[in-house]
Every structure is written in structure tokens, then in C-alpha cells.
Amino acid sequence: MGKKLLLDKVGVAGIQKYDVYRREGGYAAVEKALKALTPEIILDEVKKSGLRGRGGAGFPTGMKWSFLAKPPGVPRHLVCNADESEPGTFKDRYLMEKLPHLLIEGMITSSFALGANTSYIYIRGEYAYIYKILETAIQEAYKAGWLGKNILGTGYDLDLYMQIGAGAYICGEETALLESLEGKRGNPRIKPPFPAIAGLWGRPTVVNNVETLMAVVPIINFGGEAYSKIGIGRSTGTKLISASGHINKPGVYEIDLGLPVEEFIYSQEYCGGILGGRKMKAVVAGGSSVPILPTELILRTAKGEPRLMTYESLGDGGFATGTMLGSGGFIVMDESTSIVKNLYTFSRFYHHESCGQCSPCREGTGWMEKILHKVLSGHGTLRDIDLLWDIQQKIDGKTICPLGEAAAWPVASAIRHFRSEFEDFVKNPQSIQDVKHYYRLTGEKA
Amino acid sequence: MAGSKKIQFSEKAMAYVRELIARYPAGKQKSAVIPILHLAQAEFDGWLSAPVMDYVASLLNIQSIEVYEVASFYSMFNLKPVGKCTIEVCHTSSCWLRGAEDIIRHIEKKLNISAGETTTDGMFTLKKVECLGACGYAPMFQVGADFYENLTIQKTDELLEKFRKEGKRQTYCNHLVDVK
Ligand SMILES: Cc1cc2nc3c(=O)[nH]c(=O)nc-3n(C[C@H](O)[C@H](O)[C@H](O)COP(=O)(O)O)c2cc1C
Ligand code: FES
């Protein structure tokens with residue numbers, strides 16, 4: 001088992017409160033950063049750490065920070081992406097609920113490194129109760145002198161504010177988030193310009209995930225070098241995984257990147273095996289957007305090597321036989337699961353959440369939901385399966401933001417790996433449990 | 001109902017509105033529209049009528065259409081009246097895998113409504129919603145700002161009873177204002 005970097009103090013009673021957090025060594029990274037380091041040194045440590053964005057895309061954080069434009073006289077901003085809405089993902093919620101001060105500490109340290117004097121935490125509207133926890137922690141931090149004017153007498157000023165959303169997955173996409181923060185509909189912007197050049201109110205802006213900003217704290221405390229020693233290759237450090245579905249111990253786990261997938265699923269320390277001792281059928285390893293894999297491909301790559309929890313190993317084989325680490329939303333399905341029905345819940349989700357700007361996504365997600373519904377209700381044809389394939393292909397890569405891909409990949413991978421299940425559905429609907437279930441639920445006649 | 005009484009925030013809410021606006025640079029007060037709409041929904045019967053949205057626009061010194069287009073984009077804003085207690089059951093993958101449909105069906109039967117409807121006494125609205133970030137604690141629903149997780153049929157019955165007894169309007173918002 002690896003050392004916990006973010007969750008090491010999570011069990012300490014009262015760690016949500018400032019006094020306890022401070023007594024346990026909290027805010028040491030801010031002290032070190034502001035008093036002993038310069039923004040350049042911090043950036044260098046983050047680069048050395050190899051930290052990659054934990055929001056899903058895995059983009060190197062140090063590199064992102066180094067792109068931030070610094071025109072004189074123009075304010076810059078750091079925005080924390082706490083919109084967490086990717087189905088299967090609930091780690092940011094856990095982190096913020098349990099360790100609100102760790103996020104504030106990470107944000108102060110990072111804001112200082114970026115030269116931002118006003119920073120925001122954009123949190124999804126449904127997390128209103130966590131908004132309160134964070135707001136309380138921010139007030140405590142102001143009172144203790146970690147926020148506000150002339151922090152620690154260094155002359156550095158920082159204001160940190162909460163911003164609440166109101167129910168829109170798309171606002172997790174960073175430019176949609178910025179639009180929302182400006183008080184508008186969450187329509188993603190065309191890039192370039194990237195937020196690093198023109199972000200919030202047209203000013204240079206860095207958007208980072210909750211977990212990414214928290215990881216800056218141990219990087220400053222222990223050094224980028226030490227952080228980079230954890231993990232394998234370009235997957236350094238620890239990662240929070242949200243585990244759900246048919247497992248004995250759903251929950252949030254901090255793992256060292258590089259842990260074998262099989263160990264994660266079956267060991268008592270993590271998921272504790274499949275519910276009821278049943279067989280596993282499939283896994284969505286990185287949130288609803290990433291390709292679903294059948295058991296044999298999630299446990300081992302096509303080359304027969306054990307699959308590891310790293311960006312590279314999960315991606316091995318490309319989309320033909322691999323998947324992605326994504327946001328770390330790990331959904332496990334047992335042998336009784338209908339892949340078609342599961343896909344329907346995803347496609348319905350993406351249709352519901354499409355912002356509507358780009359026709360391929362707005363129309364295509366609706367079509368996919370409708371066709372899957374038709375299949376589920378026992379009216380599907382073989383042609384419908386080909387049509388689904390065709391539609392997802394026509395969305396992929398043809399939209400302003402990656403929600404299009406996020407909607408296309410689950411469809412493509414489900415058909416790629418489980419085509420026969422779709423065919424069974426359309427050839428012999430009477431024998432399919434889900435079709436019967438559908439009619440029982442709706443009261444419609446077959 | 002909104003319309004019969006004057007649309008005006010309480011003093012406490014107004015103080016919060018001013019504080020919200022101060023979070024943004026001068027001239028960028030529009031950024032406060034979402035938090036203020038949450039507040040308005042909580043203060044004015046749980047939904048946003050056109051006069052309420054016009055009022056929010058006047059507070060922010062922006063056009064009414066700028067408020068309407070925001071209110072209609074985000075799923076947490078109700079543009080029609082809802083029951084005092086809106087039960088939002090997640091039915092996305094992880095929750096579906098762990099029995100969300102059974103919970104939904106049970107509530108539908110118990111309250112004698114379909115998802116999307118409100119009980120005739122105006123007490124409950126049932127909504128099916130997409131992933132709320134509680135996938136590991138499924139099945140679950142949200143009422144107001146609170147999450148109710150690892151639901152069973154029995155637990156669901158107890159909760160419905162509790163909400164009915166309390167009889168109060170559940171909002172997302174008290175949590176936003178109470179801090180101060
Ligand atoms: C449709 C969509 C939804 C997203 N949702 C989130 C989210 O909820 N949280 C998040 O941190 N990143 C999300 N992202 C990724 C962000 O656009 C962005 O890459 C991320 O916040 C950058 O932070 P990081 O580099 O620290 O990961 C989403 C992207 C897309 C396309
Ligand atoms: S799938 Fe229901 S909370 Fe995520």
C-alpha cells in the first residue's frame with residue numbers, strides 16, 4: 001500500500017475545522033511558498049512533480065501554468081473546477097467535504113505561483129451543502145490571516161470566493177464554466193484563445209480541478225522530485241478513484257498510480273471484489289465518457305500484460321482494446337448487467353446535458369437516446385445498431401467542446417465490445433429481461 | 001403566491017445580494033445572477049416567475065432576457081410551481097445498477113404520481129435527475145440541499161413521512177445564506 005498524500009489526515013476528528021487542520025501541520029505549504037519560495041520555484045516544483053490534471057484530461061499542470069499570459073496591469077485569475085458531474089465521479093465532493101482547508105491551502109499556494117489576487121471556486125449547484133462547508137472554512141482562513149491583504153506580512157494579497165452553479169454538466173468544461181461564472185448560459189467557447197490568454201472576463205485564467213490543486217500542497221511540502229517518484233513513468237503521484245456499481249466496498253480511494261486494476265477491484269483494501277461473489281462483466285474505468293471494457297480487457301491488455309491504473313496502461317491498445325483513466329470514476333458491472341440498458345442511461349444523460357450549440361451533438365445525442373430506447377422497448381432492428389454506430393461517428397470530433405466525444409465514445413465502445421448483446425435485443429426481444437422490465441414499468445403493451 | 005405579494009427580498013437577503021456583487025470587479029455584477037436566482041427561488045415559493053426574474057434583473061441592472069436565458073438553461077431552476085418538497089432521484093448508471101428504478105417506482109406508487117408530477121396537496125414533486133455525485137452511495141435522492149443515500153424501501157418510507165410531518169418548503173439555499 002502506498003502512502004496517502006491527500007487523505008493521510010482524513011481520519012483525524014475535526015479536521016474540517018481550522019484549528020485542528022492547523023495543529024496537524026496544515027498551511028505549512030503556504031508558509032513555505034510565500035516566505036521561502038518564489039512563483040518561479042513553485043512552478044518548477046510542479047513541473048518536476050509530473051502532476052497531470054485530475055479533472056479528466058490529464059494535461060500536465062506545470063505546462064498549463066507556464067502558458068498563463070502575464071500582460072502588465074491585467075489581473076489574472078485562478079478558478080477551481082468543482083463542478084464534478086461526470087457520472088461515476090464523486091471524489092471531489094469527498095475531498096471538499098472532508099478536507100476543505102486542504103483545497104484552500106492548495107488554492108493560496110497556486111494563486112501565489114500564478115500571480116492571481118482574486119480566485120474562485122466554482123462548485124456545482126447540487127453540492128450546496130458543501131458550499132456551506134467551504135464558505136465556513138474560507139471565513140476561518142480569512143480570520144487566521146491566510147487570506148486577505150498582506151498575507152503573512154509578505155505583501156501578497158488574495159481574495160478567495162465561492163461561486164455556485166445550478167445544474168449543468170457542461171459547466172465542468174472549462175470555458176463553459178467561465179461563461180457560467182460570468183453569469184451566462186454554459187455554452188463552451190471556441191478555442192483558441194485558450195483561458196490562459198483570455199479567460200474569465202477576458203483576463204488570463206488558469207482552471208484546475210479540485211484534486212489537482214490539493215496535490216500542489218504535498219508537492220510543495222515534500223518537493224516535486226519526491227512526488228514524481230510515486231507512480232510509473234508519466235503517471236506520477238497518487239490519484240483519487242471513485243468506485244461504484246456492483247462491488248462490495250464502493251467509495252473513494254487514494255491509490256498510487258501504477259496499482260494493478262485487478263488488485264484494485266478484488267483486494268479488501270479497495271473495492272473488495274464483486275457484490276455477492278458474482279462474476280464481473282465490464283468496467284467503465286474513468287467516468288461515463290471513457291470506453292467501456294469487458295472483463296478480459298480491463299484486467300489485461302490485448303498483449304496480455306496486467307492492466308495498471310495509469311494513464312498509459314489504461315490507454316494501451318487505443319480505443320480498439322483500451323480505455324482512459326479520465327476522472328477516475330470507476331464503475332463496475334456484474335454478469336447480470338445489461339450493457340444496452342447501461343448505455344441508455346449514459347446516452348440519456350448526454351442528451352440531457354448537451355448545451356445545444358452544435359447540431360451534431362444536440363441532434364445526435366437525442367437520436368442515440370431515442371434509438372436505444374426503441375431497442376430497449378423491443379422494437380429495434382439490426383439497422384438501428386448500424387445507425388447508432390454511424391451517428392456516434394458523425395458526432396466525434398465535430399463539436400466545439402469534447403462533450404460530443406464524451407457522448408460518442410460510450411456508444412462506440414459498447415457496440416465494439418458487446419455487439420452480440422445488441423443483436424440479441426433486436427432479434428429476440430421477448431426473451432430479454434429488460435424488455436419485460438420495460439413493459440412492467442411503463443404499463444405499455446408490447 | 002408571487003404576484004399577490006410584493007416581490008421584494010428580505011433585509012437579510014438584500015445584505016447577501018450586496019455581498020455577492022462585491023465578489024466581482026466593478027461592472028461585472030452580472031456574475032451574481034446564478035446565486036441570486038437561487039436565493040429568489042428560495043424566497044419566492046420555490047420557483048422563478050417572470051416578475052421574480054424581472055426583479056432580479058433590476059437588482060443587477062441587466063436586461064430581463066439576460067436573466068430568462070440563464071434561468072432556462074440550468075436544471076435546478078424551476079420555471080413552474082413545484083411541491084414544497086421536491087424529491088430528486090438519480091437514475092444514471094451507478095444508481096441504476098444499485099436499484100434506483102425500484103426506489104422511483106415505490107415513490108410513484110406511494111405518492112400516486114409519475115415522475116415529473118406534483119401531488120394534489122402540493123406537498124411533493126418527484127423528479128428523475130442525472131448523476132448527483134453520490135454514485136458510491138447509491139441509490140440516493142436529493143431533497144433541498146441534503147443528500148439521502150444508500151436508500152432502501154423502508155428508509156424511503158421513513159423519509160417521506162418525515163418530510164410530510166415537517167411540512168416545510170425544502171430549498172437548496174438556506175445553506176448559502178445561513179453561513180453569515
Ligand atoms: C463535458 C466536460 C465536462 C467536464 N467536467 C469537468 C468537471 O466536472 N471537473 C473538472 O475538473 N474537469 C472537468 N472537465 C475538464 C475541464 O474542461 C478541464 O480540463 C479541467 O477542469 C482542467 O483541470 P485539470 O487540468 O486540473 O484537470 C470537463 C470537460 C468536459 C469536456
Ligand atoms: S450515478 Fe447516481 S449519483 Fe452518480
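Here is the naming used below: chain letters follow the sequence lines, and residue numbers restart at 1 for every chain.
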Legend entry - Toward chain A: residues of residues 114-125 of chain B with heavy atoms under 4.5 Å: none

Inset, instruction - Can you check whether anything in residues 89-97 of chain B gets within less than 4.5 Å of chain A, heavy-atom wise, and list it by number? - result: B:His91, B:Thr92, B:Ser93, B:Ser94, B:Trp96, B:Leu97

Per-residue contact mode, [X] against chain A (heavy atom under 4.5 angstrom):
{"X": "B:Ala100", "value": "neither"}
{"X": "B:Ala138", "value": "neither"}
{"X": "B:Gln142", "value": "side chain"}

Inset, instruction - Look at A:Tyr169, A:Tyr127, A:Trp201, A:Phe346 and state which one has the largest set of heavy-atom pairs under 4.5 Å with chain B. - result: A:Trp201

Inset, instruction - Write down the atom of A:Ala168, the atom of B:Tyr74, and the distance for their closest heavy-atom approach. - result: CB-CD2, 3.8 Å

Legend entry - Nearest non-hydrogen partners of A:Thr345 and B:Glu130, listed with the distance: O-OE1, 4.4 Å

Inset, instruction - Kindly compute the distance separating CZ (B:Phe147) from CD (A:Glu97), expressed to the nearest 0.5 Å. - result: 9.5 Å

Inset, instruction - Could you check if a side-chain atom of A:Ser180 sits within less than 4.5 angstrom of a side-chain atom of B:Ile34, using non-hydrogen atoms only? - result: yes

Inset, instruction - Using a strict 4.0 Å threshold on nitrogen-to-oxygen distance, state whether A:Glu135 and B:Arg23 make a salt bridge. - result: yes

Legend entry - Pairing of B:Glu101 and A:Lys341 as salt bridge, 4.0 angstrom limit: yes

Inset, instruction - Taking the six-membered ring for Trp and the full ring for Phe, Tyr or His, determine whether the centres of A:Tyr161 and B:Tyr24 are under 6.0 Å apart. - result: no

Legend entry - Part of A:Glu84 within contact of chain B (heavy atom distance under 4.5 Å): neither

